[in-house]
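Remarks on the structure that follows.
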Amino acid sequence: MDNAPHTDVLIVGGGMAGGLLALLLADQGFSVRVLDAGPAPVRPSGESAPRVSTLSEASHWLLRHAGVWDRLDPERVQAYASMQVWDQDGTGEVRFSAADAGADCLGWLLENDHLTAALFEAAGERDTLAWHGDTPVDDLARDGDGWRVTAGDRVFTADLLVGADGARSRVRDAAGIPAPARDSGHRALVATIETDQPHGGCARQAFMDSGPLALLPLFGHGGHRCSIVWSAWPQRSDELMALDDDAFGAALSQATGEVLGAARVVSRRAVFPIEERHASRYQGRALALVGDAAHVIHPLAGQGINLGLLDAAVLAEELGRARAAGLPVAHATILARYERRRRADNLLMQNAMRGFKLLFERPEPAVRWLRNTGLGLVNRLAPARHAFMHRALGRAGDLPRNARP
């Protein structure tokens with residue numbers, strides 16, 4: 001298929017959402033091509049890579065149905081069966097347990113590169129799927145009822161173009177779909193740390209006035225390693241980055257109340273701006289957007305990639321429905337159904353994360369009392385805890401079939 005310039009679907013972007021979409025479509029008999037600007041993904045080795053993701057139960061089933069989950073190295077995947085969330089400046093705390101939700105675990109932590117490499121390897125076994133790395137797109141243009149994409153000296157055409165090319169999507173721009181960036185006011189500092197006490201398979205998050213700090217359990221090292229995502233105001237993140245490793249470890253231990261004892265940084269630290277985006281539309285003429293090309297939310301709940309994987313699964317399901325009905329792959333009604341099924345749910349999650357951020361950064365005593373009281377009530381009321389866990393597990397909303405057992 002590599003020599004065929006025309007395919008049913010052309011996906012720009014070979015990240016996690018784009019890779020999963022390609023597999024799900026190829027498994028339904030569509031001819032698919034992926035163009036990615038980066039090199040072919042390679043499995044990480046040695047110490048944990050700094051960029052990790054939390055996968056929900058729904059994402060686990062999507063990857064299992066696509067034949068990707070069993071390709072992952074179990075030694076580099078960390079399950080977590082509990083969560084602890086607390087307000088650093090108060091007494092409010094809530095704990096979640098997988099047992100309460102009737103599940104083996106609440107989610108999994110793994111490196112982004114690990115998952116994209118597994119997707120890439122699986123793609124090599126699909127006869128109707130071609131994945132091109134080191135292939136940045138130079139131009140996108142309408143071509144009759146479809147699209148023409150130029151990459152270097154090669155020209156590809158497709159009936160349907162999918163943008164899976166991230167927050168600054170060229171595909172979205174080519175379609176003229178607005179998605180203005182909204183500064184969240186936070187930057188995310190990421191690093192790998194080692195703690196005196198083992199994490200025990202528990203994901204933890206402390207809310208502070210300056211932003212949330214997540215301690216995400218990592219594989220290996222006797223359970224003493226965590227990935228941190230410390231979201232803070234720019235001035236605070238600059239202060240933290242200016243500290244030497246010992247002083248940073250002391251600041252981190254203080255911020256977490258030494259919940260795992262003393263903490264030490266064991267990797268380089270990096271800071272990323274946190275912007276929010278939401279495309280005004282997820283589809284256009286013979287075009288669809290998935291993942292960060294369609295929406296970017298605050299990482300405080302770790303749901304970004306899970307929403308992107310659900311985008312991919314719902315779009316694949318709708319395109320399969322079009323094929324079964326004898327409709328063209330880019331039929332407007334089918335693409336509109338995809339948008340209806342995903343945009344409202346993603347917007348709800350984005351607004352919820354924005355609301356949590358605003359609630360926990362307010363210093364007024366009345367607001368502090370309200371949030372601490374609320375956390376305490378959620379912790380004591382089983383129905384409230386179950387509602388939160390239901391959403392975190394990915395069991396809510398209009399799920400595609402492949403997101404279920």
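Every value quoted in this text rests on a predicted model; they were computed, and no experiment measured them.
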Next on the checklist: Looking at every heavy atom in both I305 and M16, which two are closest together, and how far apart are they?
Outcome noted: CD1-CB, 3.5 Å

Checklist outcome for this item: Heavy atoms of A98 and C105 approach each other most closely as CB-CA, 3.6 Å

Checklist outcome for this item: With sequence neighbours left out, the residues meeting ring pair (Phe, Tyr, Trp, His ring centres under 6.0 Å) with H331 are none

Checklist outcome for this item: Looking only at heavy atoms, the pair that brings D36 and G15 closest together is OD1-N, 4.3 Å

Checklist entry - Only one of L160, L161, D159, L129 clears side chain to side chain contact (heavy atoms under 4.5 Å, CB included) with V9; which? => result L160

Checklist outcome for this item: Between G176 and R281, the two heavy atoms sitting closest are O-NH2, 4.2 Å

Checklist outcome for this item: Taking every heavy atom of A40 against every heavy atom of F120, the minimum-distance pair comes out as CB-CZ, 3.6 Å

Checklist outcome for this item: Which of V34, V162, V314 passes side chain to side chain contact (heavy atoms under 4.5 Å, CB included) with L21? Answer is V162

Item to check | Under the side chain to side chain contact (heavy atoms under 4.5 Å, CB included) test, residues paired with E258 that sit two or more places apart | outcome: S253

Checklist entry - So does R71 pair up with E125, basic N to acidic O under 4.0 Å? => result yes

Item to check | Lys/Arg-Asp/Glu bridge criterion (N-O < 4.0 Å) met for D292, R168 | outcome: no

Checklist entry - Which pairs, with at least one residue in residues 304-317 and sequence neighbours excluded, count as a salt bridge (charged side-chain N to carboxylate O under 4.0 Å, His left out)? => result D311-R342, E317-R341, E317-R401

